[in-house]
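Throughout, protein chains are lettered first and strands after them, A, B, ... in sequence-line order, and every chain is numbered starting at 1.
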2 protein chains.
Amino acid sequence: MWVVTPLAQRKRQLVLDELTQAALGLLATKGFEAVTVDEIVAAAGVSRRTFFRYFASKEDVVVRFLGDLGSGMRAELAARPASEPPSVALRHAVATSVSACAAHDGRALRVVRLILGTPALLARFLERRAQWRDELAAELGRRLGLDPAAGPFPHLAAGVALAAFDTVLQRWSGSDGIADPVTLTGEVFEMIAPALDSLTS
Amino acid sequence: MWVVTPLAQRKRQLVLDELTQAALGLLATKGFEAVTVDEIVAAAGVSRRTFFRYFASKEDVVVRFLGDLGSGMRAELAARPASEPPSVALRHAVATSVSACAAHDGRALRVVRLILGTPALLARFLERRAQWRDELAAELGRRLGLDPAAGPFPHLAAGVALAAFDTVLQRWSGSDGIADPVTLTGEVFEMIAPALDSLTS
DNA sequence: AGCCAGATTGACACTCAGTGCCATCCACGG
DNA sequence: CCGTGGATGGCACTGAGTGTCAATCTGGCT
């Protein structure tokens, strides 16, 4: 199962890495709108057309780099025991997410700063973040036996948790990656916990 | 005051209205990406270049239509008495915002649905929403005598209030504009109030 | 009225993102 | 050895957004 597709798949991964590497390097130094796709593909040694076979847009290169955070949060939430109140489960989900981001130390920090400082990138990132919220709301609804379409709670709680995520990410990047993500997350969730548990209290 | 408004200013407003009208009509019926700027300017009777003198992008036409909500929220928050706890002041700010949106009854509803259903528009809207959060955080910091850069509270509270805004807007548009914005806002703020007042309790 | 300064507009040309299409090349199985 | 499918590159095209310049219009001033 795992040995049957070695060569073509690896080649594809190689091109993807090369493209990501080249793009992130150029974008971080020259700024987002000062870099054209042609420059990126020239640095990566592939054709312009190939770039758009791997990425849907120029923004996609940067956003995809942080893209796994969303599915990671949902997975972590799903993995938490059902006995935990929403505030605890969501706190762990957010904490592991930001920690995973901080683990890339160095690169991830530059990418986050790039996103927060570039309107076009922020917009695309927030669009993806909205999908995270809906996924979290669905998972939360499943945990609590609630229909997300019936009551406002799952949608709201997911939005509140992501607002906490925003604040943690902002303060983490603002501290040059020095602050501990788990500690920051704990601080912030202490404030919002009563709101997240307002249904089960 | 009202007589000095020069003729040029009114002409400008007229062009802007004509452009907005034409764009919203076409976009609502044919969908966002199925309409080109050339079609819009042809319907409005101005040149393509003029369109981009009034709007920064095609998305801008739609987003600007809802753009005053942000400054409205901040103004309402600033107008609330300083004695009110954050949860009450923010609830009024959100309620007046959504109510102002609902007052346009008919047009605003279609615009909101268009935004929520179009990725490119949603992205631009969320970008603006992020600015709202920072403005609300600044205003909140002023109310409470806190430096928004020092502690996470203003940023977090503004984010939580806007998460509530999101939920209210989603449910309002989901109910075809039938649900009462103030009632919805009240329901939702009942859940998050303890988080918003966690500092002053 | 006549004139001048500033703002608005339209037209053209240009860059760049993104897409469709087709020819080519290369890994893999028969 | 040969055919098939996927990945690539080149090309042309649409559409968004911008800079520039000439023409036009507005409003004030003499």
Residue pairs passing the salt bridge (Lys or Arg N to Asp or Glu O under 4.0 Å) test where at least one lies in residues 142-156 of chain A, sequence neighbours excluded: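 Sorted result for residues 142-156 of chain A: A:E139-A:R142.
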
Below 4.0 Å: OP1/OP2 of C:dG10 and any side-chain N or O of B:T50: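 Yes, B:T50 has a side-chain N/O under 4.0 Å of OP1/OP2 on C:dG10.
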
Any A:K58 side-chain N or O less than 4.0 Å from OP1/OP2 of C:dG18: no

Test side chain to side chain donor-acceptor pair (under 3.5 Å) applied to A:E84 - qualifying residues, sequence neighbours left out: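 If we apply the side chain to side chain donor-acceptor pair (under 3.5 Å) test to A:E84, skipping adjacent residues, the hits are A:R80.
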
Residue pairs passing the side chain to side chain donor-acceptor pair (under 3.5 Å) test where at least one lies in [range], sequence neighbours excluded:
range	answer
residues 58-67 of chain B	B:S57-B:E59, B:D60-B:R64
residues 111-123 of chain A	A:R113-A:D176
residues 181-193 of chain A	A:D180-A:T183
residues 15-29 of chain B	B:Q13-B:D17

Interatomic distance, [X] [atom1] vs [N] [atom2] [rounded to whole Å]:
X	N	atom1	atom2	value
A:K11	C:dC28	NZ	C1'	13 Å
B:Q13	C:dT8	CD	P	13 Å
A:E39	C:dT15	CD	P	14 Å
B:D60	D:dG17	CG	C1'	12 Å
B:R12	D:dT24	CZ	P	21 Å
A:L16	D:dA7	CG	P	12 Å
B:F55	C:dT9	CZ	P	12 Å
B:F52	D:dT20	CZ	P	18 Å

Stretch residues 40-49 of chain B: residues that reach within less than 4.0 Å of DNA chain D through a heavy atom: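 Heavy-atom cutoff 4.0 Å gives B:R48, B:R49.
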
DNA chain D contacts among residues 27-38 of chain A, heavy-atom distance under 4.0 Å: none

Sugar-phosphate only, base, or nothing, as touched by B:Y54 at under 4.0 Å among non-hydrogen atoms: sugar-phosphate

Sugar-phosphate only, base, or nothing, as touched by A:E59 at under 4.0 Å among non-hydrogen atoms: sugar-phosphate

Sequence-distant partners of A:F55, ring pair (Phe, Tyr, Trp, His ring centres under 6.0 Å), two or more places apart: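 Only A:F51 meet the ring pair (Phe, Tyr, Trp, His ring centres under 6.0 Å) criterion with A:F55.
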
Qualifying residues under ring pair (Phe, Tyr, Trp, His ring centres under 6.0 Å), relative to B:F65, sequence neighbours excluded: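 In terms of ring pair (Phe, Tyr, Trp, His ring centres under 6.0 Å), with neighbours along the sequence ignored, B:F65 is linked to B:H104.
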
Bend angle of the helix from C:dA1-D:dT30 to C:dG30-D:dC1, end axes from five pairs each (to 10°): 0°

Worked check of side chain to side chain donor-acceptor pair (under 3.5 Å) between B:T96 and B:S99: CA-CA 5 Å; B:T96 43; B:S99 294; over 6 Å; no

Please table the atom pairs, donor to acceptor, closer than 3.5 Å between any side-chain atom in residues 148-155 of chain A and protein atoms at least two apart or in another chain.
{"from": "A:H155", "atom 1": "ND1", "to": "B:T167", "atom 2": "OG1", "distance (Å)": "2.9"}

Basic-acidic side-chain contact under 4.0 Å: B:R124, A:E127: no

Which nucleotide in D:dC21, D:dT26, C:dC22 has an atom nearest any side-chain atom of B:R53: D:dC21

Cation over ring face, B:R12 and B:Y54, 6.0 Å, 45°: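 Positive - B:R12 is close enough to the ring of B:Y54 and near enough to its axis.
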
